[in-house]
Amino acid sequence: LLLERQLRKALANEEFVLYYQPQVDADSGRIVGLEALIRWQSPELGFVPPVSFIPFAEESGQIMLIDEWVVHAVCRQIAAWRAQGITPPRVAVNLSGCHFLKKSLVEMVAECLQNFGLEGRHLEVELTEGVIMRDVEQATATLADLKRMGVTVSIDDFGTGYSSLSYLRRFPIDTLKIDRSFITGVTKDADGAAITTAIISMATSMRLDIVAEGVETAEQMTFLLDHGCAVMQGYLFCRPAPPEEVTRLLVDGL
Ligand code: G
Ligand code: G
Ligand code: MN
Ligand code: NA
């Protein structure tokens with residue numbers, strides 16, 4: 001297959017790059033986290049967004065190598081910032097479900113951290129709800145191993161999957177990321193506001209951290225602050241940006 005060959009070449013030739021989007025404490029304006037987002041700059045195809053190749057990479061099995069590249073590249077970047085005297089916040093990586101459920105994941109993460117002299121607390125893993133429910137036993141073991149290492153775990157797109165709420169108690173999860181579709185609705189429709197308010201109050205009572213995704217307007221920000229959610233990610237604060245720009249933001253602030 002053509003795309004399969006192109007992805008193999010992309011890995012070999014370092015055609016992938018990572019952008020980072022800040023997670024901001026809207027009260028203080030401080031950057032409290034970063035999410036790494038992969039981009040493929042192909043000489044033949046041009047700029048290819050992740051939605052156009054991640055699903056294919058998951059089918060072809062190449063996602064394992066891509067995820068490994070991402071974790072490695074993130075650790076390399078964190079180490080580079082630290083070497084420059086910058087203390088970066090925790091960096092979140094999106095891991096594909098098929099990868100998360102492999103036993104080798106924990107070793108791979110541990111090895112990357114060790115290679116760059118980092119600790120688990122430097123890294124966060126983002127998963128979707130469906131991934132955990134697909135194989136509860138394996139997911140439980142992996143989450144426990146990550147927890148022991150100090151790596152935190154957040155649930156991405158929260159509210160859009162199968163929310164068996166009981167799993168939130170059983171699994172060592174640190175953060176819920178409220179899906180962008182609800183945030184878009186908070187100031188527009190009753191459902192968006194109700195669901196967002198319910199997620200915030202549930203997360204708060206379970207002592208989980210919350211991140212609101214896709215915050216684009218000041219009205220959305222105000223709604224979230226008024227309802228007890230201070231950490232936000234979205235175009236209102238910053239688009240995903242290349243490392244040089246993020247370096248500047250970490251030094252000078254937003
Ligand atoms: O900017 P955005 O188009 O980056 O990302 C689109 C989707 O691609 C997101 O839902 C995200 O989960 C996924 N994605 C982005 N970066 C990565 C990555 O490094 N690994 C995996 N597996 N998925 C990613
Ligand atoms: O992993 P996840 O599915 O959460 O990926 C986040 C996606 O949302 C990325 O594609 C990122 O570029 C995108 N994104 C981040 N902030 C905003 C925003 O404020 N508005 C919109 N429309 N998309 C956003
Ligand atoms: Mn994500
Ligand atoms: Na998301």
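We count ligands from 1, going down the list as the structure has it; atoms in each ligand are counted the same way. Worth knowing before you read on, the calculation uses all heavy atoms, side chains too, and leaves out hydrogens, waters and symmetry mates. Quick caveat, the model's predicted, so the values are computed rather than measured.
Side-chain heavy atoms closer than 4.5 Å link hydrophobic residues (I, L, V, M, F, W, Y) into clusters, and following such links, even through other members, never connects Leu37 to Leu127. Note: the hydrophobic cluster containing Leu65 also contains Val109 (ILVMFWY, side chain heavy atoms under 4.5 Å, direct or indirect links).
Heavy-atom separations between Glu35 and ligand 2 include at least one value shorter than 4.0 Å. Contact analysis puts Gln21 in contact with ligand 2, with a non-hydrogen atom separation below 4.0 angstrom. Residue contacts with ligand 1 include Arg39, since one or more of its heavy atoms lies under 4.0 Å from the ligand.
Proximity to Asp157 (heavy-atom distance under 4.0 Å) selects the following atoms of ligand 2: 3 (O), 4 (O). Near Asn94, meaning under 4.0 Å from any of its heavy atoms, are these atoms of ligand 2: 1 (O). Near Gly234, meaning under 4.0 Å from one of its heavy atoms, ligand 2 places the atoms 16 (N), 19 (O). With ligand atoms numbered from 1 in the order given, ligand 2 contributes 17 (C), 18 (C), 19 (O) to contacts under 4.0 Å with heavy atoms of Gly214. Taking every heavy atom of Ser96 and a limit of under 4.0 angstrom, the matching atoms of ligand 1 come to 22 (N). The distance from ligand 1 to the heavy atoms of Val70 drops below 4.0 Å at these ligand atoms: 19 (O).
Nearest to the Mn ion (ligand 3), among the N, O or S atoms that Glu126 has, is OE1. Within Asp156, the N, O or S atom lying nearest to the Mn ion (ligand 3) carries the name OD2.
Residue contacts with ligand 2: Asp156 is placed with a nitrogen or oxygen under 3.5 Å of a nitrogen or oxygen of the ligand (distance criterion only). Polar contact with ligand 2: absent for Lys177 (N/O pair, distance under 3.5 Å).
Side-chain contact check for Val186 versus Ile195: every heavy-atom pair is 4.5 Å or farther apart.
Under 4.0 Å from ligand 1, not a single heavy atom of Pro49 appears. In Glu213, the part holding a heavy atom less than 4.0 Å from any atom of ligand 2 is the side chain. The proximity of Leu37 to ligand 1, defined as any non-hydrogen pair under 4.0 Å, involves the side chain as well as the backbone. In Val93, neither the side chain nor the backbone holds a heavy atom less than 4.0 Å from any atom of ligand 1.
Judged by distance alone, the side chains of Gln23 and Gln233 do bring a donor and an acceptor atom under 3.5 Å apart. Remark: the Glu15 side chain and the Gln41 side chain contain no N/O donor-acceptor pair separated by less than 3.5 Å. For the 3.5 Å distance criterion, the side chains of Thr140 and Arg170 fail to qualify, holding no donor opposite an acceptor. For the residue pair Ser96/Glu58, the side-chain donor-acceptor check at 3.5 Å is satisfied.
Here Glu35 pairs with Lys177 in a salt bridge; the nearest charged N to carboxylate O distance falls below 4.0 Å.
Residue contacts to the Mn ion (ligand 3): Asp157 brings no N, O or S atom closer than 2.8 Å. Within the coordination shell of the Mn ion (ligand 3), defined by N, O or S atoms under 2.8 Å, Glu35 is present.
Sorted by first and then second residue, the pairs that involve residues 112-125 and meet salt bridge (Lys or Arg N to Asp or Glu O under 4.0 Å), not counting sequence neighbours, are Glu119-Arg121.
For Arg5, the side chain to side chain contact (heavy atoms under 4.5 Å, CB included) partners at least two apart in sequence or on another chain are Leu2, Arg8.
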message = Under the criterion side-chain contact (heavy atoms from CB on, under 4.5 Å), I'd like the reasoning laid out for Met202 against Leu176: C-alpha separation, chi angles, the key distance, then a yes or no.
response = CA-CA 10 Å; Met202 181 187 66; Leu176 302 183; 4.1 Å; yes

